[in-house]
Protein chains: 2
Amino acid sequence: MMITANDQQDVKKEKILEAAHHRFLHFGYSKTTMNEIAGDLSMSKALLYYYFPDKSQLYVAVMRKVADGYLKSLTDRINTFADLKEAFIFQIDTQHEFIVTNYNFFDFFRLNEQNLPDAIWEIVTQVHESETHMLVSAIKTEVDRGKIKPVSNPTEIVELLLDALHGVRVKSVSHKKTMFPNKEHLEEIRSKRLLLADIFIKGLMY
Amino acid sequence: MMITANDQQDVKKEKILEAAHHRFLHFGYSKTTMNEIAGDLSMSKALLYYYFPDKSQLYVAVMRKVADGYLKSLTDRINTFADLKEAFIFQIDTQHEFIVTNYNFFDFFRLNEQNLPDAIWEIVTQVHESETHMLVSAIKTEVDRGKIKPVSNPTEIVELLLDALHGVRVKSVSHKKTMFPNKEHLEEIRSKRLLLADIFIKGLMY
DNA sequence: AAATTGATAGTTTTGTTAAAAAAGTCAGGA
DNA sequence: TCCTGACTTTTTTAACAAAACTATCAATTT
């Protein structure tokens with residue numbers, strides 16, 4: 001098997017993405033420099049700019065990779081749920097772990113808050129749509145099974161629950177007024193969310 | 001009827017509170033100066049300090065007054081609801097109007113975010129407890145009427161819904177990425193909340 | 001004595017500028 | 001085509017002066 005120039009490029013790009021991911025994950029966007037990433041790979045900073053146009057697009061590329069992993073974990077399990085509740089629990093736990101394990105990586109979000117680059121918004125939107133799609137599918141299945149009432153607009157229902165679940169976190173955090181939720185706190189949020197999902201599902205039944 | 005010195009003081013304090021409220025409401029805490037408040041009343045700034053120890057405590061006093069009005073609107077209606085849904089709708093609409101009409105006034109909150117003065121936290125807590133109490137009472141009544149299942153911990157349930165309703169706003173705002181929600185946007189938030197409350201109540205039924 | 005004020009002290013915010021650090025470019029070498 | 005050192009440009013940081021504001025107080029009026 002012949003190794004082409006493009007393969008070589010891709011391998012190097014991959015190495016760069018790994019190093020960048022490592023830095024972004026541990027120190028956040030603003031606290032990692034292009035020099036440091038280059039240093040980790042024993043290459044010159046200029047070479048980074050040969051492979052990626054600028055810092056923010058390098059970040060986006062890493063984000064893309066991270067998001068793809070998350071998206072895969074969702075699509076892998078779509079339509080495999082015993083019931084709606086299992087689907088919601090999966091969504092709650094999977095998203096939760098995704099956010100916790102990438103907490104520092106997302107400081108770019110918290111930093112820019114409004115006006116994120118379009119490329120980032122696309123990824124965020126895509127992730128959101130994928131989550132929604134998975135849950136909408138679970139709802140439809142549950143309707144077909146006759147377990148819950150037919151829903152005129154499943155997407156609306158799913159997004160409503162996702163917004164509500166989000167509220168459980170932000171309120172919980174603001175009340176405890178701590179930036180970094182600890183283990184017990186996270187467990188409290190989780191159990192509240194499960195309770196909310198539980199009541200919500202019952203509210204969809206006949 | 002004799003007018004005592006204390007009555008006079010209270011009248012003047014009240015005038016100051018009004019002027020301060022006016023300024024805080026229109027320009028927020030950080031954008032109003034003690035000089036301006038004094039100027040509005042044609043008095044010297046030093047006199048403000050004769051009646052109130054400092055700016056933040058003046059703000060708290062105004063907050064106290066504003067909160068009392070809100071608390072009264074809650075207690076006036078407690079136990080007057082035809083059903084649980086009516087109580088939730090009342091809570092949603094009343095709180096919503098409270099927040100909208102006092103939006104700028106609350107910039108003090110957004111500004112300090114974490115570490116608010118204790119006096120403010122007490123008021124916030126009191127308001128939250130009053131809202132919760134009203135809804136807990138409505139839930140208990142509904143249980144007694146046999147309309148919904150007995151609830152082991154009504155307070156937990158109410159707080160869960162309040163958190164969830166909060167999420168509907170913050171998510172809705174962050175998605176539209178606009179600081180000041182407009183009329184239609186607010187109406188959208190309201191209808192989402194009503195839908196959520198509706199499903200939630202059904203989820204509490206037998 | 002209680003209410004009020006002008007003057008002023010003390011503190012926080014804002015603006016300015018210089019130095020440092022980081023992002024980003026480029027001519028040229030392997 | 002891949003890579004680098006040296007260079008330019010932009011952004012961040014630090015230091016400090018000016019301005020704005022909070023807060024105090026001795027003196028004055030009611």
Side-chain angles (χ1 to χ4, degrees), chain A residues 2-17 19-20 22-24 26-62 107-108 110-113 115-117 119-120, chain B residues 2-20 23-24 26-63 107-108 110-117 119-120:
Chain A
M2 184 184 156
I3 295 172
T4 70
N6 260 343
D7 284 338
Q8 290 286 21
Q9 266 216 357
D10 289 349
V11 168
K12 196 136 226 171
K13 272 197 170 186
E14 198 53 39
K15 284 246 186 287
I16 293 173
L17 287 177
H22 185 257
R23 283 278 173 185
F24 289 144
H26 287 301
F27 308 106
Y29 182 82
S30 60
K31 292 292 185 186
T32 92
T33 71
M34 295 297 265
N35 257 324
E36 287 166 343
I37 296 172
D40 291 346
L41 295 161
S42 308
M43 58 170 61
S44 74
K45 179 179 57 172
L47 192 53
L48 288 184
Y49 285 96
Y50 177 79
Y51 287 99
F52 294 92
D54 60 33
K55 187 183 177 183
S56 79
Q57 289 188 61
L58 172 57
Y59 178 85
V60 169
V62 177
D107 84 329
F108 185 79
R110 288 184 287 273
L111 204 66
N112 297 43
E113 198 71 26
N115 65 302
L116 291 166
I120 292 285
Chain B
M2 181 186 157
I3 295 172
T4 70
N6 260 343
D7 284 337
Q8 290 286 20
Q9 268 216 357
D10 289 349
V11 168
K12 196 135 223 172
K13 271 198 170 186
E14 197 54 39
K15 284 245 186 287
I16 294 173
L17 287 176
E18 275 170 33
R23 282 279 172 185
F24 289 144
H26 288 302
F27 307 106
Y29 182 81
S30 61
K31 292 292 184 186
T32 92
T33 70
M34 295 298 265
N35 256 326
E36 288 166 343
I37 296 171
D40 291 347
L41 295 161
S42 308
M43 59 169 61
S44 76
K45 180 179 54 174
L47 190 53
L48 289 185
Y49 286 94
Y50 177 77
Y51 287 99
F52 293 93
D54 60 34
K55 188 183 176 184
S56 79
Q57 288 187 63
L58 172 57
Y59 178 85
V60 170
V62 177
M63 176 83 222
D107 84 328
F108 184 79
R110 287 183 289 272
L111 203 69
N112 298 44
E113 197 72 28
Q114 314 296 97
N115 65 304
L116 292 166
I120 292 284

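Order of the sequence lines fixes the chain letters, A, B, ..., with proteins taken first and strands second; residue numbering starts at 1 for each chain.
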Whole-Å distance separating the OH atom of A/Tyr49 from the C1' atom of C/dA22 | 8 Å
Spacing of A/Lys15 atom NZ relative to D/dC2 atom P, expressed in whole Å = 16 Å
Nearest-Å distance, CG (A/Leu47) to P (C/dA23)?
-> 16 Å
Calculate the interatomic distance between B/Asp54 atom CG and D/dA23 atom P; express it in whole Å.
-> 5 Å
Using modelled atom types only, decide if a donor and an acceptor are shared between the side chain of A/Lys55 and the backbone of A/Thr32 within a distance under 3.5 Å.
-> yes
How long is the line joining CG of A/Asn35 and P of D/dA6, in whole Å?
-> 13 Å
5' precedence on DNA chain D between A/Lys31 and A/Ala46 (nearest-nucleotide basis) = A/Ala46
Check the distance between D/dT28's P and B/Met43's CE and give it to me in whole angstrom.
-> 22 Å
Between atom CZ in A/Phe52 and atom P in C/dT25, what is the gap in whole Å?
-> 16 Å
Are a donor atom and an acceptor atom from the side chains of A/Asp54 and A/Ser56 found within less than 3.5 Å of each other?
-> yes
Any side-chain heavy atom of A/Phe108 within less than 4.5 Å of one from A/Leu116?
-> yes
Checking all strands, does B/Thr32 fall into the base, sugar-phosphate, or nothing category for heavy-atom contacts under 4.0 angstrom?
-> sugar-phosphate
Side chain A/Lys45 and base C/dG24 donor-acceptor under 3.5 Å = yes
How are the rings of A/Tyr59 and A/Phe24 set relative to one another: parallel (under 30°), tilted (30 to 60°) or perpendicular (over 60°)?
-> perpendicular
Taking atom P of C/dA22 as reference, at what distance in whole Å does atom CD of A/Glu36 sit?
-> 7 Å
Taking side chain as C-beta onward, heavy atoms only, is B/Tyr51 less than 4.5 Å from B/Leu58?
-> no
Sugar-phosphate, base or nothing in reach of A/Thr33, heavy atoms under 4.0 Å = sugar-phosphate
Has the side chain of B/Lys12 got a donor or acceptor that lies under 3.5 Å from a partner of the other kind on the base of C/dA3?
-> no
Give a yes/no answer on whether the side chain of A/Tyr51 brings an N or O atom under 4.0 Å of OP1 or OP2 in D/dC3.
-> yes
Output the single nucleotide from D/dT4, D/dA23, C/dG24 whose closest atom is nearest the side chain of B/Lys55.
-> D/dA23
Verify the contact: side-chain N or O of A/Tyr50 to OP1 or OP2 of D/dC2, cut-off strictly under 4.0 Å; return yes or no.
-> yes
